Amino acid sequence: MSIYRTHTCGQLRGSDAGKEVKISGWVHRKRDHGGLLFIDLRDHYGLTQCVINSDNPVFAEIERTRLENVIMITGEVVTRMAGTQNKDLPTGEIEVKIKTFELLSSPVTDMLPLQVNAEENYGEEVRLRYRFLDLRRETIHKNIMLRSDVIYSMRRRMVEQGFREFQTPILTASSPEGARDFLVPSRLHPGKFYALPQAPQQFKQLLMMSGFDRYFQIAPCFRDEDARADRTAGEFYQLDMEMSFVTQEDVFTVMENVIGGVFEEFAEFTGTKQAVSPAPWIRIPYDESMLKYGNDKPDLRNPLVIVDVSSVFARADVEFKAFKGVIDKGGVVRAIRAPKVSDRPRSFFDKLNAWAQSEGAPGLGYVTLEGAEGKGPIAKFLPAGAMEELLKLTGAESGDAVFFAADVADKAASLAGKARTKIAEEMDIIEKNTFKFCWVIDYPMFELNDKTNKIDFSHNPFSMPQGGLKALQTQEPLKIKATQYDCVANGLELCSGGIRNHMPEAMEKAFEIAGYPAGAVQEKFGGMYNAFKLGAPPHGGCAFGIDRIIMMLAKEPNIREVIAFPMNQQAEDLMMGAPSPAEPHQLKDVSIKLDLPKAAVKDIKQAS
RNA sequence: GCGGGAGUAGCUCAGCUGGUUAGAGCGUCGCCCUGUCACGGCGAAGGCCGCGGGUUCAAGUCCCGUCUCUCGCGCCA
C-alpha cells in the first residue's frame, strides 16, 4: 500500500462510509466557518471534501494551510448528512473527517500567478510561464488526458489494421522542398548541419521498400514557420502511415476506420454528442471543390454551394458592365444561392456588402427573387431570358437570394468561398454537433508559379502522376493530376497524402518538368533513388495532424489548449527559457561564430 | 515583414466628453463565524495605469514613438 494514500480524491463513495482512509492532494478550496473547516482536496482523479472541527488539535495548523499546498490527511469516511450532499461531485455523498494532517510540499508562500480553482481566461503569457499551474486546471487537464486517450486509440486501431509502429531519425538531412528547416550543427563535421524532420516522408517510403508493408508512427514533425491559432510554432505531431501494394481507395478505407473510429469513440467528450460522417466519406475532386466551395478544404456543414454563372453575364442581352468587363478579361462570375432570405431587412444585404468590401472586393452583388421576378441592385440588368438561365444554374426559387462574386478565376473562387461561409453564418444554417468528413482528391501535379511564371510541383514531388510516366511524357503539365489527396473535416485540413511515385524514370521526368536539372532526383533523394531502382513496391499513405484532431474533439479554438507545453506565438518557451544563447564553448564545439543582426538578442526570462 | 485587438493591484477586469485621494471580484494578511461546497461578515496591505516623449493649469484618459502578448496576412511541399 502507498505510504501516501489508500484512495484517490475521486474514488470514495457512499459505500466506503466507515473506512479509515488516507488521501493526498492539493488544497483546491477552503471554506472556513470558524469552528468548522471544509477543504476540497484535489488530485488528478477528482475532488473530495474533507472536514475538520476545532476540537481536533491540528485544527489551527490546517486552518493556516494555503491553496495549492500539497497535503496528506487521514480520517474516516462519513456519509454526509441529508441535505448537505453534493450531486455535482462524484464523491459528493461522502466527506472525510480529518484526524491527522501532514504538509507534503514546501508551503506555498508566493502569490499564485493564476488561480487553479477558477475557469477564467487568463492571459497566454502567464499561463505558459506557469504552465504547471495552468495544467492543474480542470479543462486543460482533461484536454491533455483526451490527447493521451486519442493517441492510445490511434495506436490500437492502427495495430488492429495490421500496422506496426516504427521510429525514424530526428537528426536527419534537410529536405529541399517545403517549409524552413530547423538546423542542428554537427560537431564532428564542422560546417555541416542536421535538419529536424518536417515529416518522416522519405523514411516511411524507405520502410516500404524495405518490405515492412504497413508502417505507422506518432511522428514529431518540425517546421520553422510562424504559428497560427490552429498551428503551433515549431513542432507538431502526426499520425503518419504508409502501406504497400495499395490504391488510394485502400488508404481511405483504412483511415476511415481508424480516424472515423477515433472520432466516434470521443464524440461525446465535450458533453454533447457529435455525429460523425459514416464511411465511405465523400470524395470531392480538387477542381470541383475549388468551384463549389471556393477552396480545397470544404466545410460540408455549410449547405450552400457555389456555381459558375459566367454564361449568364456573357449573354448578349445582359448589359451589366461590371461583370461583363471581368468576363471579357478572362474572368468568371460565381454565384451562391441563399434560400429564403428575400424578406431579410436591407441591413442583412448591406452588412454582407460591407463585409465583402472589407475583404477587398468591390462589393457583394445580389438579386432577390419574388416569383419569377428579380429585385435588388443587379436585377434590372437581367432580362427574362437571363434570369431564367440564372435560376436554372443556381436552382434558386421565389424567396431566395443569389449573391455574386466576379473576378479572375482563383480570386472569384476565394471570395465566393469566404462569402459562402459568411452568408451561412449570417443565416445561421451551419450544421451543429457534427463532424463532416471528406476526401479532396485529384490535386494537380503542377502549378504555375505566378511570381516566376515557371512550373512548380503544386503539392508534393513524391506523389505519382495519374497516368504515370506516360502522362508526364504526353500531357500538358498543368492538366496532369496527381494521386494526391487531403482529408478535410468541418473545413479543417486534417491530413495530406498520396500514392507515391515509386518509378525512378517517372520521378526524373516529373522533376525535369518542374525545371530541375538532370540528376536532381539522385542528388536530392539519393537513398530513395537507389531504393527505387532496386525493387520498390507501389505504395502510398498519409499523415493526420494529431493536435488538430484533438482540438476538434475538445472543441477548442486554439491548438495550445491541447498541448501540454506549447511555445508561444514567437516560438519561445517562457517556462524553460527557450531558445537561449549558447555558451561560447558550445559554439566552439560546433565551429560556429555568431554574426547577429543589430537588433539585440532577447533574453527570455525564466519563471522565478 | 505587414495589418487588427489588447496591456490599470499577484490574477480577471471596470475606470464616461481629460478634473480632487485610480475602483471591484478572486487571492494574500488580521478578526468574527459549526454544515459549507464560488460559504458568509468586518477590516487591512497591495498600483511606475507596459515604457519613453509631447499637448495641457491638469493625462490611466488626447497625440507621437516604442516594447510585449494575441488574432490574421505573408509563410506553412
Side-chain angles (χ1 to χ4, degrees), chain A residues 27-42 47-56 59 63-64 66-68 78 80-89 91-92 95 97 108-130 133-134 137 175-181 198-199 201-202 221-234 236 358-360 443 445-447 449 451 456-463 482 484 486 493 496-498 514 524 543 545 557-558 560 568-570 572 574 599-600 602 604-605:
Chain A
V27 177
H28 185 68
R29 194 170 267 131
K30 281 162 65 185
R31 290 176 295 280
D32 190 344
H33 292 245
L36 181 73
L37 171 68
F38 296 99
I39 288 183
D40 290 338
L41 198 63
R42 182 194 76 239
L47 282 180
T48 297
Q49 173 166 288
C50 305
V51 63
I52 186 168
N53 61 40
S54 50
D55 49 26
N56 186 315
F59 182 84
E63 199 178 25
R64 280 196 303 274
R66 274 178 51 170
L67 299 186
E68 297 308 311
V78 295
R80 297 200 201 177
M81 288 182 292
T84 67
Q85 301 194 337
N86 186 342
K87 290 189 189 68
D88 298 330
L89 213 56
T91 61
E95 61 194 0
K97 207 173 168 198
V108 173
T109 52
D110 291 349
M111 214 56 82
L112 293 172
L114 56 84
Q115 277 162 247
V116 175
N117 62 22
E119 284 293 325
E120 294 218 50
N121 289 320
Y122 298 105
E124 288 275 336
E125 184 158 14
V126 166
R127 292 184 59 195
L128 293 181
R129 196 179 288 277
Y130 297 95
L133 275 182
D134 191 32
R137 300 198 303 148
S175 167
E177 307 296 327
R180 198 176 290 118
D181 283 319
Q198 296 183 25
Q201 180 68 30
Q202 294 183 63
C221 303
F222 305 90
R223 295 179 188 176
D224 188 3
E225 299 293 350
D226 289 353
R228 291 284 184 276
D230 64 352
R231 206 169 77 202
T232 48
F236 61 99
S358 76
E359 290 289 321
Y443 273 80
M445 184 79 192
F446 302 102
E447 67 187 5
N449 183 320
K451 281 178 199 146
D456 281 347
F457 286 110
S458 71
H459 222 270
N460 173 327
F462 302 106
S463 60
Q484 173 81 37
D486 277 7
E493 182 193 319
S496 226
K524 289 172 188 298
N558 192 302
R560 289 186 295 268
N568 69 6
Q569 201 186 37
Q570 273 62 245
E572 297 164 330
L574 299 172
K602 293 181 299 179
I604 298 164
K605 288 202 183 79

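On a predicted model such as this, the values are computed, not experimentally measured, just so you know. Naming convention: chains lettered A, B, ... in sequence-line order (proteins, then strands); numbering from 1 in each chain.
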Taken to the nearest whole Å, CZ/A:Arg228 to P/B:C69 is 16 Å
B:U70 C1' sits how many Å from A:Leu574 CG, rounded?
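The answer, rounded to whole Å, is 13 Å.
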Using OP1 and OP2 only, check whether a side-chain N or O of [X] sits under 4.0 Å from [N].
| X | N | result |
| --- | --- | --- |
| A:Arg31 | B:U36 | no |
| A:Gln570 | B:U70 | yes |
| A:Gln49 | B:U36 | no |
| A:Asn558 | B:C71 | yes |
| A:Arg129 | B:G10 | no |

Atom pair CD (A:Glu124) and CG (A:Asn558), whose distance is rounded to the nearest 0.5 Å
5.5 Å
Tell me whether A:Asp32 contacts the main-chain N or O of A:Gly34 through its side chain, where contact means a donor paired with an acceptor under 3.5 Å.
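Here the side-chain-to-backbone pair exists.
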Between [N] and [M], how far is it from one [atom1] atom to the other, in whole Å?
| N | M | atom1 | value |
| --- | --- | --- | --- |
| B:U12 | B:C71 | P | 16 Å |
| B:G30 | B:G23 | C1' | 22 Å |
| B:U66 | B:C26 | P | 41 Å |
| B:G65 | B:G74 | P | 26 Å |
| B:G15 | B:C76 | P | 42 Å |
| B:C11 | B:A38 | C1' | 16 Å |
| B:A22 | B:U61 | P | 15 Å |
| B:U20 | B:G60 | P | 10 Å |

List in chain and number order the residues that pass salt bridge (Lys or Arg N to Asp or Glu O under 4.0 Å) with [X], two or more places apart in sequence or in another chain; answer none if no residue qualifies.
| X | result |
| --- | --- |
| A:Glu225 | A:Arg180 |
| A:Arg31 | A:Asp40 |
| A:Glu125 | A:Arg129 |

Does the side chain of A:Val51 reach to within under 4.5 Å of the side chain of A:Leu36, using non-hydrogen atoms?
yes
Min side-chain heavy-atom separation A:Gln49-A:Arg80 under 4.5 Å
yes
Determine whether the aromatic ring of A:His33 stacks with the base of B:C39, defined as ring centroids separated by less than 5.5 Å and ring planes inclined by less than 30°.
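Ring-base stacking flag set for A:His33 and B:C39.
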Considering every strand shown, what is the Watson-Crick or G-U wobble mate of B:C13 when both distances are under 3.5 Å?
B:G23
Both distances under 3.5 Å, Watson-Crick or G-U wobble: report the partner of B:A38, or none.
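Checking every strand shown, B:A38 finds no partner, since no pair has both distances under 3.5 Å.
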Can you name the side chain to side chain donor-acceptor pair (under 3.5 Å) partners of A:Arg42, sequence neighbours left out?
A:His28, A:Glu68
Among residues at least two apart in sequence or on other chains, which ones pass ring-ring contact (aromatic ring centres under 6.0 Å, His included) with A:Phe38?
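Partners of A:Phe38 under the ring-ring contact (aromatic ring centres under 6.0 Å, His included) test: A:His33.
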Using ring-ring contact (aromatic ring centres under 6.0 Å, His included) as the criterion, list what pairs up with A:Tyr122, not counting sequence neighbours.
none
Go nucleotide by nucleotide along RNA chain B from the 5' end; which of A:Asp40 and A:Arg64 gets its closest nucleotide reached first?
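Of the two residues, A:Arg64 wins.
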When you measure only distances, ignoring hydrogens and angles, does the side chain of [X] come within 3.5 Å of the base of [N] through a donor and an acceptor?
| X | N | value |
| --- | --- | --- |
| A:Asn86 | B:C37 | yes |
| A:Arg80 | B:U36 | yes |
| A:Arg231 | B:C75 | yes |
| A:Asp226 | B:G74 | yes |
| A:Glu95 | B:G35 | yes |

Starting at the 5' end of nucleotides 22-27 of chain B, put B wherever the base has a protein heavy atom under 4.0 Å, S where only the sugar-phosphate does, and a dash everywhere else.
----BB
Between the protein and nucleotides 40-45 of chain B, which nitrogen or oxygen pairs come in under 3.5 angstrom?
none

By side-chain contact (heavy atoms from CB on, under 4.5 Å), which residues pair with [X], not counting sequence neighbours?
| X | answer |
| --- | --- |
| A:Asn56 | A:Ile52, A:Val58 |
| A:Ser496 | A:His459, A:Gln484, A:Asp486, A:Glu493 |
| A:Asp230 | A:Arg228, A:Leu492, A:Arg548, A:Met551 |

Output one line per pair: protein atom, nucleotide atom from nucleotides 2-4 of chain B, and distance, for all N/O pairs under 3.5 Å.
none

Answer with base, sugar-phosphate or nothing: what part of the nucleic acid does A:Glu493 contact at a heavy-atom distance below 4.0 Å?
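Here A:Glu493 touches no strand at all.
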Options B:G10, B:G72, B:U70, nucleotide nearest the side-chain atoms of A:Pro113
B:G10
